[in-house]
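Worksheet: the structure to be examined is printed underneath.
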Amino acid sequence: MIILSSFSDALDRQTATLARWLLDSDTVFALLLAPDGAIRFRNLAANRIFPHNSAGVDEPKIWDFLNESDAEPFRLRLSDPAAQTGGPFHLNLSEGSKNPVTVEVGLVGCEGGFLLVGAIEERNALRLQAERQMLTNQLAAMARELARKEKELEAANHVIERIARTDLLTGLANRRALDEMLSREMARANRQHQPLTLILADIDHFKLINDTYGYGVGDQVLVTLGRVFGSQVRPYDVAARLDGEKFALVFPGTACSEGVAIAERLRKQVGAVHIPDGPERISVSFGVATLTERESGEDFLARTDSVLSKAKNSGRNRVEADGVGVLQN
Ligand code: GH3
Ligand code: MG
């Protein structure tokens, strides 16, 4: 018995505490409704959701705040003793309300009327969540698009890089690519004490070819010889077109005698080239040199060029090597 009464006391105290909390709640609304639906009392949250004057009457009725479709069923609910209490169920507030939302409510019969307690469904929160999700998806799509563009840009940069290092007429490396490769290979050759051989090739009497057959045929000669020189290099060698009708071929790990053999092979291949509507015979002069210790790239090129001049001065269509003259004709 003592236990029961202290339980009932505790319950009373708890109910009083709950009632006080409900009175001041800003999140859970509570309304005291008369049987005819008139709002007799509002707590703090209800004041916000069912404001005094929004219905334009002194004592608005609860259905003044409801969607038309909800008003009549709710009126019936209040008048039907069997359905008077219960919940939770949903009510949709009318469009004019400050918060056009759905509320989840419970209805309790009490002395002289009803207590309607509820909370706003977090539709805004759901909407925000949906918007956040949409934004996240958009950001993810943008990130994917950015990654795709970056890849495209990277590919375009590679193309630009390649073009910047390519002689556009022959497709061989250009002077810039040659300089870069030569300084890299010279450093490696010095480090590893490996030979590095350079061949310079210059078309004989090219001006005459241009003058006689036209610039177009001259170009065709350059393209064809570019193909011949390009076909003779391994992946780690380089064939480049320098200015005009001069070509350079770099052979890492290759001794001077091997370079001479390569140049000789090239000389013969050029001799067999036939250009439609072009000269009967094309010839090229070659200068071959192997890198000496502590030689700069510029000096190496200049020395090889002077070997090439020797080949020119000695009658053309021949291979000259640094220190070793190899007479051809
Ligand atoms: P050598 O035997 O002494 O090398 O004489 P060459 O006539 O070959 O040399 P020269 O330096 O007198 O003439 C080179 C010519 O190459 C002159 C120039 O008009 C021509 N040339 C330079 N670049 C190009 C090009 O891209 N296309 C064509 N068709 N001709 C070019
Ligand atoms: Mg020439």
Side-chain angles (χ1 to χ4, degrees), residues 159-182 197-233 237-251 259-289 297-329:
V159 172
I160 291 169
E161 275 288 301
R162 212 172 52 238
I163 289 172
R165 287 173 166 68
T166 303
D167 170 56
L168 296 181
L169 183 66
T170 60
L172 296 181
N174 62 12
R175 177 64 196 252
R176 181 180 163 191
L178 175 84
D179 286 346
E180 282 175 10
M181 186 270 188
L182 197 57
T197 290
L198 173 64
I199 298 177
L200 288 182
D202 188 288
I203 305 174
D204 296 332
H205 303 302
F206 188 58
K207 188 174 179 310
L208 192 63
I209 295 174
N210 268 337
D211 293 347
T212 312
Y213 302 96
Y215 212 78
V217 168
D219 276 0
Q220 200 46 53
V221 170
L222 289 170
V223 171
T224 308
L225 296 198
R227 222 172 276 148
V228 170
F229 296 148
S231 70
Q232 290 303 310
V233 296
D237 303 329
V238 153
R241 180 187 168 213
L242 305 185
D243 22 75
E245 19 73 88
K246 191 178 279 183
F247 296 84
L249 297 101
V250 184
F251 298 92
V260 168
I262 294 167
E264 179 55 23
R265 197 164 62 234
L266 288 172
R267 193 188 68 80
K268 285 190 174 130
Q269 283 180 358
V270 169
V273 161
H274 174 71
I275 305 289
D277 303 321
E280 190 94 323
R281 202 172 146 84
I282 300 164
S283 71
V284 170
S285 298
F286 295 87
V288 183
E298 217 175 303
D299 288 349
F300 187 26
L301 274 164
R303 184 164 59 87
T304 315
D305 203 38
S306 68
V307 179
L308 170 64
S309 298
K310 222 153 115 190
K312 288 279 182 194
N313 296 333
S314 312
R316 296 181 173 80
N317 190 22
R318 53 188 284 127
V319 176
E320 280 285 337
D322 190 16
V324 195
V326 187
L327 191 64
Q328 312 292 337
N329 261 321

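All ligand and atom numbering here is 1-based and tracks the order in the structure. In what follows, residues are counted from 1 in the order of the sequence shown.
- Listed by number with element, the atoms of ligand 1 under 4.0 angstrom from any heavy atom of G218 are 29 (N).
- Taking CD of Q269 as the start and OG1 of T224 as the end, the distance is 13.0 Å to the nearest 0.5 Å.
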Practice item. Verify side chain to side chain contact (heavy atoms under 4.5 Å, CB included) between I282 and V221, making sure each step is shown before the conclusion. Key: CA-CA 8 Å; I282 300 164; V221 170; 3.9 Å; yes

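- Under 4.0 Å from ligand 1, the heavy atoms of D202 that appear belong solely to its side chain.
- Judged by distance alone, the side chain of T166 and the main-chain N or O of L168 form no donor-acceptor pair under 3.5 Å.
- Atoms of ligand 1 lying under 4.0 Å from at least one heavy atom of G244, given by number and element, are 22 (C), 23 (N).
- Residue-to-ligand polar distances place I203 within reach of ligand 1: an N/O pair is separated by less than 3.5 Å.
- Salt bridge K207/E245: absent, no basic N to carboxylate O contact under 4.0 Å.
- Looking only at heavy atoms of the protein, atom 27 (N) of ligand 1 is closest to D219 OD1, 2.7 Å.
- There is a protein heavy atom less than 4.0 angstrom from atom 23 (N) of ligand 1.
- On a distance-only criterion, D204 and ligand 1 share no N/O pair closer than 3.5 Å.
- Between the side chain of D305 and the backbone N or O of L301 there is no donor-acceptor pair closer than 3.5 Å.
- Here L249 contributes atom CG and L178 contributes atom CG; the two are 9.0 Å apart, rounded to the nearest 0.5 Å.
- Listed for the R241 side chain is a donor-acceptor partner under 3.5 Å among the backbone atoms of G244.
- Of all protein atoms, those of element N, O or S that lie under 2.8 Å from the Mg ion (ligand 2) number 3.
- For the residues K246, K207, K312, the heavy atom positioned nearest atom 13 (O) of ligand 1 is part of K207.
- The existence of a salt bridge linking D167 and R175 is excluded, since no basic side-chain nitrogen approaches an acidic carboxylate oxygen closer than 4.0 Å.
- In terms of modelled atom types and a separation under 3.5 Å, the side chain of N174 and the main chain of A164 share a donor-acceptor contact.
- Of the options N210, I209, N317, L308, the smallest heavy-atom separation from atom 30 (N) of ligand 1 is shown by N210.
- Checked against F247 for a side-chain contact (heavy atoms from CB on, under 4.5 Å), the options V228, I203, D202, L266 give a single hit: I203.
- Close contacts of ligand 1 with E245, meaning ligand atoms under 4.0 Å from a residue heavy atom, involve 4 (O), 6 (P), 8 (O), 9 (O), 14 (C), 16 (O).
- Here D219 contributes atom CG and Y215 contributes atom OH; the two are 6.5 Å apart, rounded to the nearest 0.5 Å.
- With P279 as the partner, the side-chain contact (heavy atoms from CB on, under 4.5 Å) test is satisfied by one option alone out of T212, V273, V217: V217.
- Between the side chain of S285 and the main chain of N317, a donor-acceptor pair closer than 3.5 Å is present.
- Counting the atoms of ligand 1 from 1 in the order shown, those under 4.0 Å from a heavy atom of R241 are 23 (N), 24 (C), 25 (C), 26 (O).
- Neither the backbone nor the side chain of V221 comes within contact range of ligand 1; no heavy atom lies under 4.0 Å.
- Protein heavy atom closest to atom 5 (O) of ligand 1, with residue, atom name and distance, is H205 N, 3.7 Å.
- For ligand 1, the atoms lying closer than 4.0 Å to a non-hydrogen atom of R316 are 1 (P), 2 (O), 3 (O).
- At least one N or O atom of F206 sits closer than 3.5 Å to an N or O atom of ligand 1.
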